Protein chains: 2
Amino acid sequence: MTYESVLLALSDPTRRKVFETVAAKPCAVGAIADQLPVSRPAVSQHLKVLSDAGLVHVTVQGTRRIYAARPEGLAELRAYLDRLWGDVLTEFAKEIEKDNPA
Amino acid sequence: MTYESVLLALSDPTRRKVFETVAAKPCAVGAIADQLPVSRPAVSQHLKVLSDAGLVHVTVQGTRRIYAARPEGLAELRAYLDRLWGDVLTEFAKEIEKDNPA
DNA sequence: GCTTACCGTAAGGCATGACTTACGAATCAG
DNA sequence: CTGATTCGTAAGTCATGCCTTACGGTAAGC
């Protein structure tokens, strides 16, 4: 939902791998777990965190649940980074100007 | 250095606040701690993590150390996000096309 | 209906991480 | 040279997080 939850969700390596997997191609839980060195429940828990952060969404398909990436989640984080990027560049320019006075 | 360390560094709320503070204006350690509900050593430890991630750099000034934000650190993370953004949008487009066949 | 496949949740263990206080090093003021 | 300021690091505590196994619930196949 917020960029803070997105940041926290993507900070874990295996959870980030889970997201990258579904970002490349929508996938069922078991299929994701097969490609990772963790158990299926672990993947399920990671998917819950990603879902709460708004990074993925589910579509039920029989007993299987297909998870897919959601653009809005990443957009949230990108907006925050762009904001921060502006501040950093502004301060960086001031510093350069201080070293090279007109 | 890597986008992974940057992601991890910015995942903590107070550490993120520390970075936002120096991003707005270069600052000494004590001055940062005064604006936060944590002790000065805690800020020092956060600054070390931020420094290892390449997000800040130091300039010694007598006994004081002025920390400032470093654009390259954020650039690393932005590049990773843009890469991910491309994958997500591509998959998103496929999904739309599947629902609205030509 | 009964079995099988797929999945979420609960409970517990174990490592990691964030914070504190205490201490030591380095610099400036007097 | 002494005292004061500023800071980094060490040691220890305590919470949080990630993973595991165990269980229950739902849908498909025969």
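Labels below follow one simple rule: chain letters A, B, ... track the order of the sequence lines, proteins then strands, and each chain is numbered from 1. What you see is a predicted model; the values in this text were computed from it and never measured.
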TODO: Starting at CG of Leu77(B), measure out to OG1 of Thr2(B) and round the result to the nearest 0.5 Å.
DONE: 10.0 Å

Task: Per-nucleotide protein contact string for nucleotides 23-30 of chain C (B base, S sugar-phosphate only, - none; heavy atom under 4.0 Å) - done: ----BS--

TODO: Please step through side-chain hydrogen bond (donor to acceptor under 3.5 Å, both in side chains) for the pair His46(B) and Thr14(B), ending with a clear verdict.
DONE: CA-CA 8 Å; His46(B) 283 309; Thr14(B) 67; 3.2 Å; yes

Task: Distance, rounded to the nearest Å, where Gln45(A) contributes CD and dG8(C) contributes C1' - done: 9 Å

Open item on the list: Tell me whether Arg78(B) is salt-bridged to Asp82(A), with the criterion being a basic N under 4.0 Å from an acidic carboxylate O.
Closed with: yes

TODO: Give, for atom CD1 of Ile66(A) and atom NZ of Lys25(A), the distance between the pair rounded to the nearest 0.5 Å.
DONE: 8.5 Å

Open item on the list: Quick check for you: among dC6(C), dC7(D), dT9(D), whose closest atom lies nearest to any side-chain atom of Pro41(B)?
Closed with: dT9(D)

TODO: Send over the distance from Leu47(A) CG to dG8(C) P, rounded to a whole Å.
DONE: 7 Å

Open item on the list: Measuring from atom CZ of Phe19(B) to atom OH of Tyr67(B), what distance do you get when rounded to the nearest 0.5 angstrom?
Closed with: 14.0 Å

Open item on the list: So for atom OH, which belongs to Tyr80(A), do other residues, nucleotides or ligands contribute more than 12 heavy atoms lying within a distance under 6.0 Å?
Closed with: yes

- [ ] Output the residues of residues 8-35 of chain A in contact with DNA chain C, where contact means a heavy atom of the residue under 4.0 Å from an atom of the strand; sort by number or write none.
- [x] Ala28(A), Val29(A), Gly30(A)

Open item on the list: What's the separation between atom CD in Glu91(B) and atom CZ in Arg70(A), rounded to the nearest 0.5 Å?
Closed with: 16.0 Å

- [ ] Measure from the side chain of Ser44(A), starting at C-beta and using heavy atoms only, and say which of dC7(C), dC19(C), dC7(D) lies closest.
- [x] dC7(C)

- [ ] Determine, for Asp12(B) against Lys17(B), whether the closest basic-nitrogen to carboxylate-oxygen distance falls under 4.0 angstrom.
- [x] no

Open item on the list: Quick test of your reading of the model: are Asp52(A) and Lys48(A) salt-bridged, counting only N-O distances below 4.0 Å?
Closed with: yes

Open item on the list: In whole Å, I'd like the distance from the CZ atom of Arg64(A) to the C1' atom of dG25(D).
Closed with: 18 Å

Task: Interatomic distance where CG belongs to Leu36(A) and P belongs to dC18(D) [whole Å] - done: 14 Å

Open item on the list: Whether Tyr67(B) contacts dT6(D) is assessed here as follows: a side-chain N or O lying under 4.0 Å from the phosphate OP1 or OP2. Is that the case?
Closed with: no

- [ ] Let me know the distance between NZ of Lys48(A) and C1' of dC7(C), rounded to the nearest Å.
- [x] 14 Å

Open item on the list: Below the 4.0 Å mark, does dG17(D) have OP1 or OP2 next to a side-chain nitrogen or oxygen of His46(A)?
Closed with: no

